[in-house]
Number of protein chains: 2
Amino acid sequence: MRNPPAVFSIAIDLAILTIRDDRLAVLLIERGKPPFAGRPALPGGFVRPGEDLDDTAVRELSEETGLDGRTLHLEQVRTYAAPGRDPRGAVASVAYLAIAPDLPVPVAGTDAARARWEPVDDDRLGRPWLAFDHDTILADALERARAKLEYSPLATAFCGETFTIGELRAVYEAVWQVRLDPRNFHRKVTGVDGFVVPTGERRSPPTGRPAALYRRGDASMLYPAMLRPGTGRP
Amino acid sequence: MRNPPAVFSIAIDLAILTIRDDRLAVLLIERGKPPFAGRPALPGGFVRPGEDLDDTAVRELSEETGLDGRTLHLEQVRTYAAPGRDPRGAVASVAYLAIAPDLPVPVAGTDAARARWEPVDDDRLGRPWLAFDHDTILADALERARAKLEYSPLATAFCGETFTIGELRAVYEAVWQVRLDPRNFHRKVTGVDGFVVPTGERRSPPTGRPAALYRRGDASMLYPAMLRPGTGRP
DNA sequence: GCAAAAGTGTTTTGCTTACACCCATGA
DNA sequence: TCATGGGTGTAAGCAAAACACTTTTGC
């Protein structure tokens, strides 16, 4: 054939996000060998024969963090295959976004010793940081998460089984990097049909009135949407 | 290595959408050889060595339709790599969504003889239709287009350089498969900052008052958004 | 004049915002 | 009783939906 197809390995790279200390954090590993030895990178690994992409994502999530990808939110973001993006050769990367509740610490696992949570902020994303093109991948995954908070119940994936409205608000504030009015937020969230349902339980904060506990409802889309402030005009 | 990476060819498959006779249409080719010989399929082809995914998409678009991908809207949707999705072996497919103005007919090109526009409706998408997993790919690409009409000026990509508000409304109606109130639509569209700008010209329809012509503005996001009706509650 | 499409005005209803205010708890 | 976060009330402003109405063309 005059124009033979290129041949690729396909890697899955995971942007695993959580909220720690009210700040957005991403799980990174320190690369042990070249290329980019010693540099932080998104965890990931190669698709094996007979595996679908989602399977690889679940497996890598488990191997790198001990997290169970079948119970976590996990979604494909996009694919990167620019020539030269991986010095080792033709490697396409399929990026996945994963959302985890606040965890004690990266759990034991094959590669967990090299893993750590790192805070993410717009400042850090503006400067070169991660190995390969992982800065771009992280930025794209984060933008996906930011957008999906608006019209999907994704924010609940950052929370445990039950959560308070205040915790849910902390998720929105950390991911969007904005301050939201607690009073309006409360009304908005509880007014969206199927977003959260009260459990009847309460939880006492360190100080202050106990907050009602909620669990995730069955809505897959939010209506009305939780629109980001500032997306509008000046 | 105990778990060697799988090796893939990567294909680009294009969901090229346009509006013809006020109906949404997709460009399909008839497959000439097995697998799926004689079945309709999305146009596409393999990534070549040294090519980035976007480059392949632009090249294939040109080869199959004569369209210039550099002037058209073209965006990656997602990647499919389920084992067995291509009987020929390990082929991953990166789906692209392309939007074209109404064209006379698929233009001459390498494979253009096999290409044709086919109307798309929800009815047809419900039944098996295309080769490979292209039904799924088309459905995902279409949903992407439907969603982006809400918050981006994507609809203008279906129109020529200049267009009337009525033509723009026809785009929304065809893609969303709904009827929109012409009067409210007019006000909404012209009220969105940077969506459309008047050229000062007019165009006479077969019958009726001449409509003002507009061209695309410089907004990249719409505010307020053009929300789909019916997404809400009953 | 008539049909057809363009475009404006008006009213109702619902969501967002801003902010005052009350509630329940630990120290 | 005070600080702190939880939660409700209210009013202004904007946007969407529904629909009456006027404008401007071809025939």
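By convention in this document, chain letters (A, B, ...) are assigned in the order of the sequence lines, proteins followed by strands, and residues within each chain are numbered from 1.
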side-chain hydrogen bond (donor to acceptor under 3.5 Å, both in side chains) against A:D22, all qualifying residues, sequence neighbours excluded: none
Residue pairs passing the salt bridge (charged side-chain N to carboxylate O under 4.0 Å, His left out) test with at least one member in residues 210-224 of chain B, sequence neighbours excluded, are none
A:K148 meets the side-chain hydrogen bond (donor to acceptor under 3.5 Å, both in side chains) criterion, sequence neighbours left out, with A:E75
Can you list every pair that meets side chain to side chain donor-acceptor pair (under 3.5 Å) and has a residue in residues 129-140 of chain A, with sequence neighbours left out? A:D13-A:H134, A:Y80-A:D140, A:R85-A:D133
Which of residues 159-177 of chain A have a heavy atom under 4.0 Å from DNA chain C? none
Given atom CG of A:D193 and atom C1' of C:dC15, what is their separation to the nearest angstrom? 15 Å
For B:A155, all residues meeting side chain to side chain contact (heavy atoms under 4.5 Å, CB included), sequence neighbours excluded: B:L149, B:L168, B:V171, B:Y172
The side-chain hydrogen bond (donor to acceptor under 3.5 Å, both in side chains) partners of B:D122 (sequence neighbours excluded) come to B:R146
Please list, chain by chain and in numerical order, all residues satisfying salt bridge (charged side-chain N to carboxylate O under 4.0 Å, His left out) with B:D68, sequence neighbours excluded. B:R70
How would you list all residue pairs meeting side chain to side chain donor-acceptor pair (under 3.5 Å) that involve residues 196-208 of chain B, not counting sequence neighbours? B:E167-B:R203
Under a 4.0 Å heavy-atom criterion, the protein footprint on nucleotides 22-27 of chain D, written with B, S and -, is -BBBS-
Listed in order of residue number, which residues of residues 178-189 of chain B have a non-hydrogen atom at under 4.0 Å from DNA chain D? B:D181, B:R183, B:N184, B:R187, B:K188
Round to a whole Å and report the spacing from CG of B:L227 to P of C:dC15. 12 Å
Of all heavy-atom pairs between A:L72 and A:A100, which one has the smallest distance, and what is that distance? CD2-CB, 4.0 Å
Partners of A:R209 by side-chain hydrogen bond (donor to acceptor under 3.5 Å, both in side chains), sequence neighbours excluded? none
